[in-house]
Amino acid sequence: MQRKFRLTRSEDFKRVRRFGKSYAHPLVVLIAQTNDEAQLRVGVAAGRTVGTAVKRNRAKRLMREAMRSLIPNIAPGWDLILIARPALLSSTLTEIRETLLTLLRRAELVSPTDAT
RNA sequence: CAGGCCGGUCAGGUGAUCGCGGUCCGCGCAUAGGCGUUGGAUCGAGGAAAGUCCGUACACUGCAGGGCGCGACGCCGGGGAAAUCCCGGGAUGGAGUGAUCUAUCGGAUUGGGCCACAGAAACAAUGCGCCUUCAUCCCCGACCCCUCUCCCGUUGGAGGGGAAGAGGUGAGGGUAAGAGUGAAAUGGCGGUGUAAGAGACCACCGGCGUUCACAGCAAUGUGGACGGCCAGGCAACCCCCGUCGAGUGCAAGGUCAAGCAGAGACGAUGGAGCGGCCCGCUCCUAUAAGUCUCGGGUAGACUGCAUAGAUAGAUGAUCACCGGAGCGAGGCGGCAGGGAGGAAGCUUGUGCCGAGCCGAAAGGCGAAGCAUCUGCGUAAACCUGCGCGCCUUGCUUUACAAAAUGCGGCUUAUAGACCGACCUGAGGU
RNA sequence: GCCCAUGUAGCUCAGUCGGUAGAGCACACCCUUGGUAAGGGUGUGGUCGUGGGUUCAAUUCCCACCAUGGGCU
């Protein structure tokens, strides 16, 4: 996932988590909030409950890899945060991609007819 | 072969496709710096990157020098910038059959404190006991006498009296042998000695101090001589001695610097003076908007920062093949036992036969062969077993864990594999 | 990343110049009441976070590890 699609600044994280709307799932939690730019930005996070540093890094990599192929189908102008949950580590990449797609449809960021 | 122990090394591999971060080059847009690249090259996690327990570089702050206080360390030699570091050695213990592993390391008679319970007493001694002197007495007791009781006597029971004294009580003295308590009790054992005892004295042993010789760079070890007879434990309690140590930490610090606030200059205007008036000039007070300058400095950016070098934090995903480990199945081989009371082969004796040789003759010698006997003794088919090797195949499994200033250590976590030295056990030769 | 603090009964906490750990609430039983609550009494309940070490003896002293909480930012 290229760096221009990343959400990097700490203030942006605070803003999205404070005002955004969240969608929960056993594997990941999605938080979405509109921004002032015509760009989609995604941030990933894995808390201490996921595990050690190795497990947290792997969780974030899996979420970024799953998100990479979905980016072209998502409407621009949104800031998203993906938060990992412990069950994510025992899932395959395909399952995570399906989960993210489900969450994005619930948030109405991707049209239901788009199939990947 | 199995298990162990010590030292060292490694920490799955290859390929394809899709992707991530840095640097350099090219290109495009901008055009000093920057942004973007379906372009190319190259680099891109660990032995512990972890815990943050030590030390250090580096940075800022403080500091003439010294002292107090606080903290760390403490056998010897070497390495090292230093270290709660490493290597080797020493002493005293502990674990293991063993290879080997492991703990501790200045000072405790001469500063203070503590040693619960128990015990006379916890470092100081006479409560018990032992010995002895004096006084006193029947409270206790041996012994004697009397009375009552019982069944005649012996005996027994109760009461009273006497009593030398070795008994009781009291006072004084000597004594650390003894029991008992405890984690720990004044060195052990034997003898001499004594009223009873005692290193009071003696021999041996242990320990302490002084000293000599030898070995070793040293810690220390071995042996001898002399001395006084004996000194409890705790310094991971305070303390004493010696050595060393400023504080804070890269979120340190440095550079640039929006905004906001501050200071200064210019500044329309007001007042005063010069002047007849205007312009103009000078001075003073206050000051709106605005412009400019200044130092400090927040957000932020850059740097600090590295032949990985990020700043929501880069090494991944999918597929295929090949590996490693464990368990199971099959095949081939190897080894062991049976086969083997031993084929073959070699060998000893005897008999038969007998080429040939010697001799005048009688006769003698005699290779090979056959039969039988004695001894030595190898293999195969086949059967059985195997904690052995290789191959094929199925299932399972393939660790602990990821840099954020660098470096030297320590500690902790870790599937397994390989190399070398050694130990123990079992089997075979 | 750096710097601190705390782990003791089911819960909240005491206890330390080393000597076998307690309080309140809770729980069980008894008394009290016609019954309940309150009150009173008795009792149960502890590897003192884990593992080593010093010591005759460790919750306490020393070392390592684990967990939880907080501060700087």
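Quantities reported herein were computed from a predicted structural model and do not represent experimental measurements. Throughout, a chain's letter reflects where its sequence line sits, starting with A, and its residues are numbered from 1. All heavy atoms count here, side chains included; hydrogens, waters and symmetry mates do not.
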So does A:R58 get a side-chain nitrogen or oxygen closer than 4.0 Å to the phosphate oxygens (OP1/OP2) of B:A317? yes
Stem list for RNA chain C, please, built from Watson-Crick and G-U wobble pairs under 3.5 Å and keeping only runs of at least 3. C:1-7 with C:66-72, C:10-13 with C:22-25, C:27-31 with C:39-43, C:49-53 with C:61-65
Whole angstrom value for the distance that separates C1' of B:C400 from NZ of A:K55: 11 Å
Under 4.0 Å: is that the gap between some side-chain N or O of A:R64 and OP1 or OP2 of B:C18? no
Any A:V42 side-chain heavy atom under 4.5 Å of A:I74 side chain: no
In Watson-Crick or G-U wobble terms, with both distances under 3.5 Å, the base opposite B:U397 is B:G324
When both hydrogen-bonding distances must be under 3.5 Å and the geometry is Watson-Crick or G-U wobble, what is B:C105 paired with, if anything? B:G90
Strictly by Watson-Crick or wobble contacts shorter than 3.5 Å, is anything paired with B:A16, and which nucleotide is it? B:U318
Could you tell me the Watson-Crick or G-U partner of B:A402, where both distances fall under 3.5 Å? Say none if there is no partner. none
Report the distance from atom CG of A:L93 to atom P of B:C319, rounded to the nearest whole Å. 10 Å
Rounded to whole Å, the CD-P distance (A:E65 to B:U315) equals 10 Å
A:R61 has its side chain closest, among B:A45, B:G19, B:U315, to B:U315
